[in-house]
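To start, the structure under review is shown below, and the notes come after it.
A note on names: the letters A, B, ... follow the listed sequences, proteins ahead of strands, and every chain is numbered from 1. Since this is a predicted model, take the numbers as computed values, not measurements.
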Number of protein chains: 2
Amino acid sequence: MKPDVLRGHLDALLLATLDGRRLHGYAIIEALQLRSGGALDLPTGTVYPALRRLERAGYVSSEWSTVSGRQRRTYHLTKAGQRALVQERTAWREFTAAIEGVLGEGPWPAQA
Amino acid sequence: MKPDVLRGHLDALLLATLDGRRLHGYAIIEALQLRSGGALDLPTGTVYPALRRLERAGYVSSEWSTVSGRQRRTYHLTKAGQRALVQERTAWREFTAAIEGVLGEGPWPAQA
DNA sequence: TTCCAACCCGTAGACTCGCTACGTATGAAG
DNA sequence: CTTCATACGTAGCGAGTCTACGGGTTGGAA
């Protein structure tokens with residue numbers, strides 16, 4: 001998978017992963033792998049900065065906890081994050097509809 | 001529509017638009033608008049450099065022609081471009097499958 | 001006949017953001 | 001005591017889309 005195709009969709013992915021769950025960064029990466037059937041294997045250098053960005057934006061919130069000597073920062077969605085997720089899902093549908101209208105088979109569906 | 005979501009998908013869009021057609025840049029932009037139901041309104045500063053990139057890559061080829069005093073550069077797919085388009089469509093399906101596996105409803109489909 | 005919209009091409013530079021490469025640390029297994 | 005999985009993070013790069021220009025023609029409206 002080309003690297004750039006993720007551009008602009010990562011936020012949606014992270015928000016969706018946190019929908020109804022509390023996860024720490026590392027677990028988010030694993031969840032993404034699992035849910036995408038292995039297609040999405042995001043490096044930490046992609047995910048951690050993105051989570052901080054979402055936190056600055058007020059879409060997620062986090063707390064530190066120590067589990068068996070390991071520091072982990074657990075994230076969860078805020079109310080604003082929930083709303084953002086709804087919008088992201090809508091934007092995704094619009095996006096795919098637009099692309100598929102073009103990619104869709106054959107020269108021309110209807111000659112307007 | 002956020003600007004970045006197009007990232008990495010523009011080539012597929014352009015190749016698909018030229019599939020079985022000879023079009024000049026301006027016409028490509030209009031075709032994209034039409035086929036996407038108005039969702040895709042790409043600026044010339046996006047399309048022209050992208051077309052030149054595709055031409056350098058050998059996926060499209062172009063000739064100049066003069067239509068009623070106007071210079072236009074008409075593009076068409078090469079053999080390599082045809083093959084690239086097939087790959088782009090496959091990549092698109094894989095991409096959407098991966099994203100939708102994550103965005104898809106609810107907390108978890110199956111707790112592995 | 002003057003003006004403006006539509007047509008048509010193009011480049012320079014900014015900006016964004018995912019990725020590479022790196023650094024730190026703990027716990028368990030070998 | 002070394003190595004691997006777990007777990008966090010940053011700095012800087014790179015690629016590609018967008019903004020903002022600039023150039024030129026045609027045709028119709030005012």
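Nearer to the 5' terminus of DNA chain D, by closest-nucleotide assignment, is the contact made by A/V67 (compared with the other of A/V67 and A/P49). In this structure, A/S68 and A/D4 both approach DNA chain C, and ranking their closest nucleotides by distance from the 5' end singles out A/D4.
For the atom pair OG (B/S62) and CD (B/E55), the distance works out to 3.5 Å, reported to the nearest 0.5 Å. Rounding to the nearest 0.5 Å gives a distance of 10.5 Å between CG of B/L42 and CD1 of B/I28.
Atom CD1 in A/I29 sits roughly 13 Å away from atom C1' in C/dC19 (whole-Å rounding). Remark: P of D/dA7 and CG of A/L42 are 17 Å apart, rounded to the nearest angstrom. Straight-line distance from the CD atom of B/E30 to the C1' atom of C/dA5: 14 Å, rounded to whole Å. A straight line from CG of A/L14 to P of C/dG18 spans 9 Å, rounded to a whole angstrom. One atom, CZ of B/R72, and another, C1' of C/dG10, lie 16 Å apart when rounded to the nearest Å. Rounded to an integer number of Å, the gap from A/H9 NE2 to C/dC17 P is 12 Å. Atom P of nucleotide C/dT20 and atom NZ of A/K2 are separated by 15 Å, given to the nearest angstrom. Rounded to whole Å, atom C1' of D/dT10 lies 15 Å from atom CG of A/L51.
When each of D/dT10, D/dT17, C/dC17 is scored by its nearest atom to the side-chain atoms of A/R52, the top-ranked nucleotide is D/dT10. Taking only side-chain atoms of B/T46, from C-beta outward, the nucleotide of D/dC8, D/dT17, C/dC8 with the closest atom is D/dT17. Side-chain proximity of A/R73 to D/dA7, C/dA6, D/dC8: nearest is D/dC8. Among C/dC9, D/dG16, C/dG18, the nucleotide with an atom closest to any side-chain atom of B/R53 is D/dG16. Taking the side chain of B/R70 as heavy atoms from C-beta on, and the options D/dG9, D/dT6, C/dA6, the nearest nucleotide is C/dA6. Checking D/dC18, C/dG18, D/dG24 against every side-chain atom of A/L10, the shortest atom distance belongs to C/dG18. Of the candidates C/dG18, D/dA5, C/dC9, the closest approach to any side-chain atom of A/Y26 belongs to D/dA5.
Between the side chain of A/R7 and the base of C/dG18, no donor-acceptor pair of N or O atoms lies under 3.5 Å.
Between A/F95 and A/W92, the ring-plane angle classifies as tilted under the 30° and 60° cut-offs.
The phosphate of D/dG9 has neither OP1 nor OP2 within less than 4.0 Å of any side-chain N or O from A/Y48.
For the pair B/D11/B/E88, a side-chain contact is recorded, criterion being any heavy-atom separation below 4.5 Å from C-beta on.
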Just the atom pairs and distances: protein N or O near nucleotides 22-24 of chain C's N or O, under 3.5 Å.
none

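A/M1 and A/L10 fall within the same hydrophobic cluster, defined by Ile, Leu, Val, Met, Phe, Trp and Tyr side-chain heavy atoms under 4.5 Å apart, directly or through other members.
For A/Y75, there are no ring-ring contact (aromatic ring centres under 6.0 Å, His included) partners at least two apart in sequence or on another chain.
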Determine, step by step, whether B/Y26 and B/E30 satisfy the side-chain contact (heavy atoms from CB on, under 4.5 Å) criterion, reporting the C-alpha distance in whole Å, the side-chain angles of both residues, the deciding distance to 0.1 Å, and the verdict.
-> CA-CA 7 Å; B/Y26 196 85; B/E30 289 180 320; 3.5 Å; yes
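Using a 4.0 Å heavy-atom distance criterion, B/G45 is classed as a base contact. Among the heavy atoms of the strands lying under 4.0 Å from A/P43 is at least one base atom, whether or not backbone atoms are also near.
No donor-acceptor pair closer than 3.5 Å links the side chain of A/R52 to the backbone N or O of A/Y48.
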